[in-house]
Protein chains: 2
Amino acid sequence: MSKSNEKTTNTPRSRRQVFTGTFIHSKNLTELEILHNTYVYVDEYGVIVRITSSDLEGREGREGMQEDMKELGWDREDVEYTHIHAPQYPNSGLFGSSTLLNWLNTYTFPLESSLSSLPKANTIYSRIIQRTLSHGTTTAAYYATLHVAATNLLADLCLHHGQRALIGRCCMDSSSGANPPYYRDENAQQSLQRTMDCISHCEKIDPDRALITAILTPRFAPSCTRELMLSLGKLSHEKNLPIQTHISENRAEVSWVRELFPECADTGYAGVYDAYGCLTPRTILAHAVHVSEGEVRLIRERGSGIAHCPVSNSALRSGMAGVRGWLDGGVKVGLGTDVSGGFSASVLVAAREASCVSRCVAAGVGGVDGEGSGGGSGGRKGEERDALSVEEVLYLATRGGAEVVGMQEVIGGFEVGMQWDAQLVGLGKPLMRKNDDGDGGWEDNITEDNIKEEVGAEDVVGAEETGPVDIFGWETWEEKIAKWVFNGDDRNTLKVWVKGRLVHQRRGGVAL
Amino acid sequence: MSKSNEKTTNTPRSRRQVFTGTFIHSKNLTELEILHNTYVYVDEYGVIVRITSSDLEGREGREGMQEDMKELGWDREDVEYTHIHAPQYPNSGLFGSSTLLNWLNTYTFPLESSLSSLPKANTIYSRIIQRTLSHGTTTAAYYATLHVAATNLLADLCLHHGQRALIGRCCMDSSSGANPPYYRDENAQQSLQRTMDCISHCEKIDPDRALITAILTPRFAPSCTRELMLSLGKLSHEKNLPIQTHISENRAEVSWVRELFPECADTGYAGVYDAYGCLTPRTILAHAVHVSEGEVRLIRERGSGIAHCPVSNSALRSGMAGVRGWLDGGVKVGLGTDVSGGFSASVLVAAREASCVSRCVAAGVGGVDGEGSGGGSGGRKGEERDALSVEEVLYLATRGGAEVVGMQEVIGGFEVGMQWDAQLVGLGKPLMRKNDDGDGGWEDNITEDNIKEEVGAEDVVGAEETGPVDIFGWETWEEKIAKWVFNGDDRNTLKVWVKGRLVHQRRGGVAL
């Protein structure tokens, strides 16, 4: 895809850009790389063409940059310089499988079906795109509704706002009872035709799939006939399109699938998708809370990936997923917000909840040695390594997500040849500084931002302006990153770029 | 305490105030009461003296108010009117057992010990008070450090900022290995004397305990000698002072306590506090993740309460507490942030995590019928009723907390005789409105707040100004409250009052 972009996007999208400062990305599952005093050169197509670090190479910043420019054959006048003093994090390959904002699952079908109204779809979709961009999501895999027009509008809006997106019209043709009579495709043929209409629209507005790609979206097995799944699997192969669906979200659903597809009793829920052509290297499976070890093996063998949706799984009482087991099994794993099953459109919240839930898995359920008090009693003892580290949840939110959508060569890190997908994170000024006495003591770091003002009799704190993360001044970079992961929010996301284009900036953001 | 306040605070603290609008508080554990078109009259001592609802009594607003004023004998000129169009929530009786902001538990002792520096303590304590106020916490039970001067400073700062607080100097005299050599009381006598110094200070600055009360704080059983616990229990009785400590946070700790106090083998960890005089009707026990059913009975019999700290319990891999079991057992339960074990100073985040964790308890650990994949496999099946509702977590955050600190007659709801502790919650303007066609359709609700601005080539969303909760216009009050609980933050907390005094207001807050 990277190649096709380079080949076809002959019209430069923006000026060449040089970003300087500290850059942070996942090196691998367990390590973050923190690059200080670094220069990242992004060409007019949004692709990173050079990364140099003064620290590593012992060069002076300005001088080194002039050398780099010369070697790149870039003219100073043609380049936009962005000087950055704050940690950056590329936050790409994230799955906001979002069409709606109401978190009550029982409301889903009525609300989805009401998106036949384009003005309503316009407001809701514009908002969720702006929201997810404001949380640093550069790439989203969207479940839309079954409506062709509204789904095409979502594609238009993503392109307009500059968010990289997989656009999925929901396919749901079964009369199993999973689909309400007022909101379903009549049969596989109709479902396929409507899907083709959406694919054509995506191809029309973005023929190179530079930002927008259609994604085949059988809602979940109980919603779909065997015929529909087979057709979608075939279509995926013919047109090289990704597939997304749900799997094993809760126990009742798993049992139901067993009843509906008795022919797959041996291979389970994953076996159903496999039997009907939907378990492919380009398939994204949401949830997977209750998959068996055999299913994990099958998913790995087929090269499919899992979108872990911890907020949704907690909120809807689905259960706690065994992420460590998936990773040990060699399965690709990314993070999903799963709005509205998940209540937050923020992938940072998803990363945080992934951490918290994995720590609950590690601890097991409460109760001492089996004798507990009521609700929390007598669970299994978890293992310490079930817990996901800060580095690991950030990997899942970036490179892991990129792998699941098959874009690991294009986004997810700061590497030459990758596209410039990044967010600028600001944590505000430190509240304290070392005093001048040389005794290692600390004193107030009085600035305009953190000074207390007396307004009448009341104290006013500027916390809502500087953001939710308090930095005292003595934190290491690793600690600053952890503070951001656990307490940060969209106030810390000052700017977001997709493919070199600035697509979000915080209004009235605090200068760094 | 309410009585003593009325008697002794003869100097009016502020003008009489009338608040009008919609008021929301917990009626009981499972129900919220939403009072529209309501007038709350708060006297010059911060006490609610009358509540009337036009809805209920069929009176016209202004007229009714004039009648009320007449009956109260209040002069129009002496009264400050506050007109409110947004939901309000009294958010009192909350336990931010907070002295520090770094979430790494291993950093705790070094950081605590460094608070011998008063400038450092001043900055940190000022910040946590302002932060918790900005999150709507009107009452906090603080664990300070073992330093007398810094602990007294915390009391001074709470009084200055107007936050109701229980101030606890940490008592830790044991040489069991729980306390590091560089940071402990030398013996029970010294610990008691230092504690007395802090109590005297609190009595000096707030003799009526109108806002500030000392709280006896044996850190946790392994930190304390039997002699110290016995002395603190006696002191609590003599001076009618509350006690706070930790209990059964994780399994290793529980086993250690068993070893350290073999004489309490039959009655467990709670039995240790009981044997040494610290399990009283004024005792607050943090965590209790691993208490047995027998301990729950003992805690109930003694009338002690539990501060449930779900964020901390998840973050530190302590486990998932069985809150339903405690409630079924008749134990008083409130919420704690447990900073820095818990990473957030927001009690709303604590309420949210209490909900999420209880839903994980309800779901049991992942894996279908015992055959799961790795980390999440094979847990117990939870029960649906283990899940805590929105109403229940809000109860725990308000009235539940008030019960645990023994102030259920004074704060926690909007009732005549209670003090005016409240927060004004704003959720921003609806994004849509019903169109004028009469067809039930919706259209964009264009306002200055949610209009999209084109700045250069980039779209800018004002989400960080209007706050994190999106209201579309069709939500019921119950849905608005749920949206606030799950997505709200300090941007939605526009004003906070403690005992009638405005102690926090959002700088640049969105007008309602």
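This structure is a prediction, so every number in the text was calculated from the model and none was measured. First the proteins, then the strands, lettered A, B, ... as listed; each starts at 1.
- Between B:Arg359 atom CZ and A:Asn313 atom CG the span is 13.0 Å, to the nearest 0.5 Å.
- Atom-to-atom distance recorded for A:Arg433:CZ and B:Thr123:OG1 is 10.5 Å, nearest 0.5 angstrom.
- Residues passing the side chain to side chain donor-acceptor pair (under 3.5 Å) test with A:Arg385, sequence neighbours excluded: A:Asp328.
- Taking OG of A:Ser126 as the reference point, atom CG of B:Leu431 lies at 10.0 Å (rounded to 0.5 Å).
- When all heavy atoms of B:Arg251 and A:Ala363 are compared, the pair lying nearest together is NH1-O, 2.9 Å.
- The CD atom of B:Gln130 lies 9.5 Å from the CG atom of A:Asp470; values are rounded to the nearest 0.5 Å.
- Across all non-hydrogen atoms, the minimal contact from A:Cys356 to B:Glu353 is CB-OE2, 3.8 Å.
- To the nearest 0.5 Å, atoms CG (A:Asn435) and NZ (B:Lys120) are separated by 11.0 Å.
- With contacts defined as side-chain heavy-atom distances shorter than 4.5 Å, the pair A:Val349/B:Arg352 does not qualify.
- For the atom pair CZ of B:Arg317 and CG of A:Asp386, the computed distance is 9.5 Å after rounding to the nearest 0.5 Å.
- Under a 3.5 Å cut-off, the side chain of B:Asn487 and the backbone N or O of A:Phe343 do form a donor-acceptor pair.
- Using a 4.5 Å cut-off between heavy atoms, B:Ser355 does not touch chain A at all.
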